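A short worksheet on the structure shown next.
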Amino acid sequence: VAGSSITISGPVAGSVIAAGSSIRITGPVAGSVRVAGSLVDIDSEVEKNVWAAGSIVNLGANSTVGWDVYSAGANVELRGSIGGNVWAGTANLIITETVGKDVTASVDRDGQIILYPEARVAGNLTYKANSEDQLILQEGSIVSGEILKKAIPIPEKFDFNKIFSGLSLFIKLTVLF
């Protein structure tokens, strides 16, 4: 499905694939959800996976995801329960409910990962961030596994001399012969 504003309020026997400016799903989905839009709002049961990309990605308080969540966006809010893993690339990630397995997230230099008091991560929490201060575990939140912070990789400086020294040598040899 493609369109400016997409609303799916009835049950879906299979999977949902949609792209639009605004996508809202309130009906149960028996398969997976694959969506891209400026605003993605899912507030229903999804039996399998959710792949969501958008400026704002919101899994509402009434949402449940049977398997995994793959998300990318400026703000990702996971307010429903998730049976599997969470993978997120975002500026800000909010988790308020249960994640049945691991959370793997990357936040930008000023972003945050916030686990609310009711949040439960049954597995590990691995995150890429500038500092440990970007992970906020509110009192009452639980991570059963390990918490591992990885640094955001700093790109190598582009070195023109390395590239052009080989080219320069080639040109010199060509001129000699």
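The figures here come from the full heavy-atom set of this structure, side chains too, leaving out hydrogens, waters and symmetry mates. Bear in mind that the values here come from a model prediction, so they are computed numbers and not experimental data.
- Distance check: I95 CD1 to I113 CD1 gives 7.5 Å after rounding to the nearest 0.5 Å.
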Exercise. After noting the C-alpha distance and the side-chain angles of D41 and I25, does the key distance pass the side chain to side chain contact (heavy atoms under 4.5 Å, CB included) rule?
Worked result: CA-CA 6 Å; D41 188 19; I25 301 172; over 6 Å; no
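- L78 places a side-chain heavy atom less than 4.5 Å from the side chain of V86.
- Side-chain contact between E132 and Y127: present, with at least one pair of heavy atoms (C-beta onward) separated by less than 4.5 Å.
- Side chain of T96 to backbone of Y116: no donor-acceptor contact under 3.5 angstrom is found.
- S131 OG to Q112 CD: the interatomic distance, rounded to the nearest 0.5 Å, is 9.5 Å.
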Problem set entry | Stepwise side chain to side chain contact (heavy atoms under 4.5 Å, CB included) check, V46 with W67 | CA-CA 8 Å; V46 178; W67 296 358; over 6 Å; no
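- Taking each heavy atom of A129 and K149 in turn, the nearest pair found is O-NZ, 3.1 Å.
- Going from atom CG of L115 over to atom CD of Q138 covers 8.5 Å, rounded to the nearest 0.5 Å.
- In this structure a side-chain-to-backbone donor-acceptor pair under 3.5 Å is missing from S22 to S5.
- Distance check, rounded to the nearest 0.5 Å: CG of D43 to CZ of R79 gives 11.0 Å.
- Taking OG from S141 and CZ from R120, the interatomic distance works out to 7.5 Å, rounded to the nearest 0.5 Å.
- T90 places a side-chain N or O within 3.5 Å of a backbone atom of N92 that can act as its donor or acceptor partner.
- Around NZ of K150, the count of heavy atoms belonging to other residues, nucleotides or ligands within 6.0 Å does not exceed 12.
- Under a hydrophobic-cluster definition in which Ile, Leu, Val, Met, Phe, Trp and Tyr are linked whenever side-chain heavy atoms come within less than 4.5 Å, directly or via other members, I23 and V12 are assigned to the same cluster.
- When the side chains of ILVMFWY residues are joined at heavy-atom separations under 4.5 Å, either directly or via intervening members, I82 and I142 end up in two distinct hydrophobic clusters.
- Relative to the ring axis of Y70, R34 does not place its NZ or CZ within 45° and under 6.0 Å from the centre.
- Put simply, the side chain of S38 never gets that close to the backbone of S55: no donor and acceptor are under 3.5 Å apart.
- Side-chain contact between D102 and L125 is absent, with no heavy-atom pair separated by less than 4.5 Å.
- Taking both residues in full, the closest heavy atoms of A30 and A13 are given as CB-O, 3.1 Å, listed atom of the first, atom of the second, then distance.
- Cluster membership check: L137 shares its hydrophobic cluster with V121, using side-chain heavy-atom separations under 4.5 Å among Ile, Leu, Val, Met, Phe, Trp and Tyr.
- Side-chain atoms of V40 and N58, non-hydrogen and from C-beta on, never get closer than 4.5 Å to each other.
- Heavy-atom minimum distance, A122 versus S144: O-CB, 3.3 Å.
- Of the possible donor and acceptor atoms, one in the side chain of D68 sits under 3.5 Å from a partner among the backbone N and O of N85.
- Proximity of E77 to L59: side-chain heavy atoms (C-beta onward) are nowhere separated by under 4.5 Å.
- When all heavy atoms are compared, the tightest approach of V76 to S71 is CG1-OG, 3.5 Å.
- In terms of modelled atom types and a separation under 3.5 Å, the side chain of S44 and the main chain of G27 share a donor-acceptor contact.
- In this structure, S32 and S15 approach most closely via the heavy-atom pair N-OG, 3.0 Å.
- Between L148 and N124, every side-chain heavy-atom pair lies at or beyond the 4.5 Å cut-off.
- Atom CH2 of W87 sits in a crowded spot, with more than 12 heavy atoms from other residues, nucleotides or ligands closer than 6.0 Å.
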Exercise. Are I17 and V1 close enough, and set up right, to give a side chain to side chain contact (heavy atoms under 4.5 Å, CB included), and what steps lead you there?
Worked result: CA-CA 6 Å; I17 300 172; V1 177; over 6 Å; no
Problem set entry | V107 vs Q134, side chain to side chain contact (heavy atoms under 4.5 Å, CB included): CA-CA, chis, key distance, verdict | CA-CA 8 Å; V107 295; Q134 290 177 270; 3.7 Å; yes
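- Separation of atoms CG (L93) and CG (L135) is listed at 9.5 Å; rounding is to 0.5 Å.
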